[in-house]
Amino acid sequence: MADATAPYRIHGDTGEWEVVIGLEVHAQVTSHAKLFSGASTEFGAEPNTQVSLVDAAMPGMLPVPNRECIRQAVRTGMALGAAINKYSRFDRKNYFYADLPQGYQISQLYHPIVGEGAIDVQLDEKDPESPTKTIGIERIHVEQDAGKLMHDQHPTRSYVDLNRSGVALMEIVSRPDMRSPVEAGAYLSKLRSILRYVGSCDGNMDQGSMRADVNVSVRKPGAEFGTRTETKNVNSVRFVMQAIESEARRQVEVLESGGKIVQETRLFDPDKGETRSMRSKEDAHDYRYFPDPDLLPLELDDAFLEECRASLPELPDAKRRRYESEMGLSAYNAAVLTADADTARWFEALLAESARIQKKGEPEVARAASNWLISDLFGALNRLGKSIDESPVSPEQGAELLGLIADGTISNTLGKQVFEIMLETGDAPGKIVEDRGMKQTSDTGAIEAEIAKVLDANPDKVADYRGGKDKLFGFFVGQTMKAMSGKANPAVVNELLKKALG
C-alpha cells in the first residue's frame with residue numbers, strides 16, 4: 001500500500017516529476033437577482049426568460065450593483081480568514097463574447113473586494129489523523145457570468161440563452177500550493193463546504209453554480225515552475241482530480257519526447273478521461289482592462305463589515321472541534337457530521353429533539369444519535385440514492401426512534417426493524433411499534449419459561465457450558481431472543497440465563 005504522506009510524483013523515462021496546481025473557482029453567488037440587474041437567477045428556467053434590459057445591453061441601460069451579492073462576497077472572504085478591502089473597483093475586461101451582449105465583462109482586476117486568505121484541508125476526510133495542509137488564497141473578485149451558446153438545437157445555427165448573462169460570480173483564486181490531485185480534491189471539497197455553510201453559494205456543481213478552472217504545470221522536484229495550461233469549467237471534484245492527473249501525464253510525455261508545453265486553454269473530456277486543446281493563451285494577451293465608467297468604486301464602511309461578520313454561522317472546523325470537545329464524539333464522527341452543512345443541520349435537529357424526548361443534555365445523547373445517523377441513516381440513503389435533505393425520515397422521527405430504544409420500549413434489533421418500516425411507510429416509530437405489537441418485554445415469567453424450553457432442548461450444550469465452554473452463552477441468548485421474536489429485553493435475558501445456567 002502506498003504511503004499517503006509520500007509526495008505525489010509522476011514517474012517518467014527521465015525520472016520523477018512534480019505537479020504544481022492552482023485552482024480558479026467560479027462560485028455563483030446566492031442571490032435572487034443578478035449582479036447588476038433585478039432579473040431572476042433561478043436554475044432551470046426556459047431560455048431567455050430571465051433577461052432584463054441591462055442583461056441584454058440595451059442602449060442607455062446602466063448597471064446598479066446588487067448589495068446582497070457584495071455582502072455575500074465579503075462574508076465569504078471573512079469565512080476564509082481573508083483580508084477584506086474597504087475600497088474595490090469594477091473593471092471592464094474586453095474581448096469578444098458571443099454570449100455576452102455588452103461585448104465586455106464587468107469584473108475586478110486591480111482592486112478586488114477580497115485579498116489574501118487560506119484554507120486548512122485534511123487530505124483524507126475519512127481519517128482524522130491524516131496530514132493537514134494549508135492552501136493559500138490569492139484573492140476573491142466579483143464578476144458577471146456570460147450566457148450560454150447552444151449548438152445542438154439546429155443543424156446549421158447556434159442559439160444563445162442569456163439567462164446566465166449577468167449572474168454574480170465570485171472567482172476564488174488559489175495560490176499554486178497544491179502538489180497532487182488529492183490535495184486539489186480536498187481543497188475544492190473544503191471550499192465548497194465553507195461556501196455552503198456561509199450560504200454564499202449552493203455548491204451545486206452539476207448545475208454549474210460552482211466550477212473550477214484547473215491550472216497545471218510540471219517540473220523536476222525543486223526546479224522552477226514550468227509552463228502551465230488552464231483546463232476550463234470542470235464541474236465535479238472527481239473530474240478535477242482526473243483532469244489534473246491526465247494533464248500532468250500528458251505534459252510529462254511532451255517534455256520527455258523533446259517538445260515544449262504551450263500555454264493554452266484546454267477542456268476536460270470526462271468520457272475519455274483526458275484534456276484536449278481549446279485555444280492558445282499567450283502571456284501578452286491584452287484584455288484592455290480599464291475602470292468601468294458606469295460604476296463608482298465600492299467603499300465599505302465599518303458598520304457594513306461588522307454586520308457581515310456578525311451574520312456568519314459556526315464554520316465546519318469550529319463545529320468539528322466543539323463536537324469532539326463538548327459532546328465527546330470521535331474525531332471520525334465529528335468530521336463526517338460537519339463535512340456538509342445539510343448534514344450538520346440535520347444532526348443538530350436530531351440532537352435537540354432527542355435531548356427533549358429523553359430529558360437529557362445534548363452531550364448525553366450525542367454519541368447514540370451520531371452513530372445512528374452515520375450508520376443506519378446514511379446506509380439507507382446510500383441504498384436509496386438520496387441525499388440527506390431528501391431523507392424519507394425526519395430528524396423528529398429519528399429522535400422518537402432513538403427515544404424508544406433508550407427507554408427500553410424496543411431493543412436495538414427491533415429498532416432496526418422499525419427503521420426499515422419507517423423508510424417504507426413514512427409512519428412514526430411509536431405508531432409502528434404500537435400497531436405491530438413490537439414492544440420489548442421485560443416480563444421475567446415469560447422470559448424464564450422460554451429459557452427453560454431452550455435449556456431442555458439443548459442438554460448437551462448446557463453440559464458443555466457448565467463444563468467450561470463459556471462462549472456457548474451467546475448461543476443461549478440467541479435462541480431465547482429467537483423464541484421471543486426479538487421482543488425480550490436483552491439485559492433481562494442475560495440476567496435470567498446466568499441464573500438458570502448456574
Side-chain angles (χ1 to χ4, degrees), residues 42-44 124-127 185 188-190 192-193 195-197 199 201-210 235-242 270-271 316 319-320 323 329-330 332-354 357 365-406 409-436 438 485-486:
E42 184 179 353
F43 178 77
D124 182 356
E125 62 182 18
K126 294 183 179 178
D127 177 11
L188 190 55
S189 295
K190 183 65 172 288
R192 179 177 181 270
S193 173
L195 295 179
R196 285 168 60 86
Y197 266 85
C201 175
D202 62 24
N204 293 334
M205 300 187 76
D206 57 332
Q207 294 180 0
S209 59
M210 183 173 168
N235 66 350
S236 83
V237 173
R238 181 166 59 92
F239 290 164
V240 164
M241 295 171 69
Q242 289 178 357
D271 295 327
K319 193 179 289 291
R320 188 185 71 245
Y323 283 3
L329 298 188
S330 68
Y332 172 78
N333 277 18
V336 170
L337 293 172
T338 58
D340 178 76
D342 288 341
T343 300
R345 282 191 283 268
W346 209 99
F347 173 65
E348 294 194 347
L350 172 71
L351 201 56
E353 185 64 10
S354 293
I357 289 173
V365 298
R367 189 171 300 177
S370 69
N371 288 339
W372 176 82
L373 192 155
I374 291 171
S375 176
D376 294 54
L377 182 62
F378 275 3
L381 293 176
N382 287 339
R383 195 168 70 240
L384 296 170
K386 293 180 180 292
S387 62
I388 197 159
D389 58 351
E390 300 170 318
S391 172
V393 172
S394 70
E396 292 73 24
Q397 289 175 321
E400 184 182 344
L401 176 63
L402 291 173
L404 293 172
I405 294 170
T409 301
I410 57 175
S411 64
N412 278 311
T413 302
L414 283 172
K416 292 183 183 298
Q417 295 175 27
V418 172
F419 178 56
E420 290 301 323
I421 298 169
M422 290 165 65
L423 290 170
E424 291 173 14
T425 66
D427 288 344
K431 182 178 186 299
I432 293 168
V433 170
E434 193 64 41
D435 291 352
R436 305 196 183 206
M438 299 177 76
S485 303

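Values below: all heavy atoms of this structure, side chains included; hydrogens, waters and symmetry mates excluded.
- Listed here is the closest heavy atom pair of Arg345 and Asp342: NH2-OD1, 2.9 Å.
- Rounding to the nearest 0.5 angstrom, the gap separating the CD atom in Glu434 from the CG atom in Asp427 is 13.0 Å.
- Note that the CD atom of Glu420 and the OG1 atom of Thr425 stand 11.0 Å from one another [nearest 0.5 Å].
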Item to complete: Under the side-chain contact (heavy atoms from CB on, under 4.5 Å) rule, what do Asn333 and Arg367 come out as? Steps first, then yes or no, please.
Response: CA-CA 9 Å; Asn333 277 18; Arg367 189 171 300 177; 5.8 Å; no
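- When all heavy atoms are compared, the tightest approach of Cys201 to Met210 is SG-CB, 4.4 Å.
- Contact check for Leu404 versus Met438: no side-chain heavy atoms found under the 4.5 Å cut-off.
- Of the possible donor and acceptor atoms, none in the side chain of Glu396 sits under 3.5 Å from a partner among the backbone N and O of Glu353.
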Discussion item. Using side-chain contact (heavy atoms from CB on, under 4.5 Å), reason through Phe239 and Met205 one step at a time and then give a plain yes or no.
Written reply: CA-CA 11 Å; Phe239 290 164; Met205 300 187 76; over 6 Å; no
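- Note that CD1 of Ile421 and CG of Asp435 are 10.0 Å apart. Values are rounded to the nearest 0.5 Å.
- In this structure, Asn204 contributes its side chain and Gln207 its backbone to no donor-acceptor pair below 3.5 Å.
- The minimum heavy-atom distance between Gly430 and Glu400, with the atom names listed, is N-OE2, 2.9 Å.
- Under the 4.5 Å side-chain criterion, counting only non-hydrogen atoms from C-beta, Leu351 is in contact with Val365.
- Two residues are said to be in side-chain contact when any heavy atoms from C-beta on lie closer than 4.5 Å; Met241 and Leu188 fail this criterion.
- Here the shortest heavy-atom pairing between Val418 and Ile432 reads O-CD1, 4.0 Å.
- Between the side chain of Gln397 and the backbone N or O of Gly426 there is at least one donor-acceptor pair closer than 3.5 Å.
- Without hydrogens or angle criteria, Ser193 side chain to Ser189 main chain gives no donor-acceptor distance under 3.5 Å.
- Trp346 and Leu373 make their closest contact through CE3-CD1, 3.6 Å (heavy atoms, listed as atom of the first residue, atom of the second, distance).
- Summarising the local packing, CD of Glu42 is surrounded by 12 or fewer heavy atoms from other residues, nucleotides or ligands at distances under 6.0 Å.
- With hydrogens and angles ignored, the 3.5 Å screen pairs a side-chain donor or acceptor of Tyr197 with a backbone N or O of Thr338.
- In this structure, the separation between CZ on Arg436 and CG on Leu414 is 12.5 Å, given to the nearest 0.5 Å.
- Asn412 contributes atom CG, which lies 5.0 Å from atom CD1 of Ile405 (distance to the nearest 0.5 angstrom).
- Between Ala344 and Tyr323, the closest heavy-atom pair is O-OH, 4.1 Å.
- Proximity of a side-chain donor or acceptor of Arg196 to a complementary backbone N or O of Ala341 within less than 3.5 Å is not detected.
- No side-chain heavy atom of Asp340 sits under 4.5 Å from any side-chain heavy atom of Pro316.
- At a threshold of 4.5 Å between non-hydrogen side-chain atoms, the residues Leu377 and Leu350 do not count as touching.
- Not a single donor-acceptor pair under 3.5 Å links the side chain of Ser375 to the backbone N or O of Trp372.
- We find the CG-NZ distance between Asp376 and Lys416 to be 4.0 Å, quoted to the nearest 0.5 Å.
- Within the 4.5 Å cutoff, side-chain heavy atoms of Phe378 are placed close to those of Ile388.
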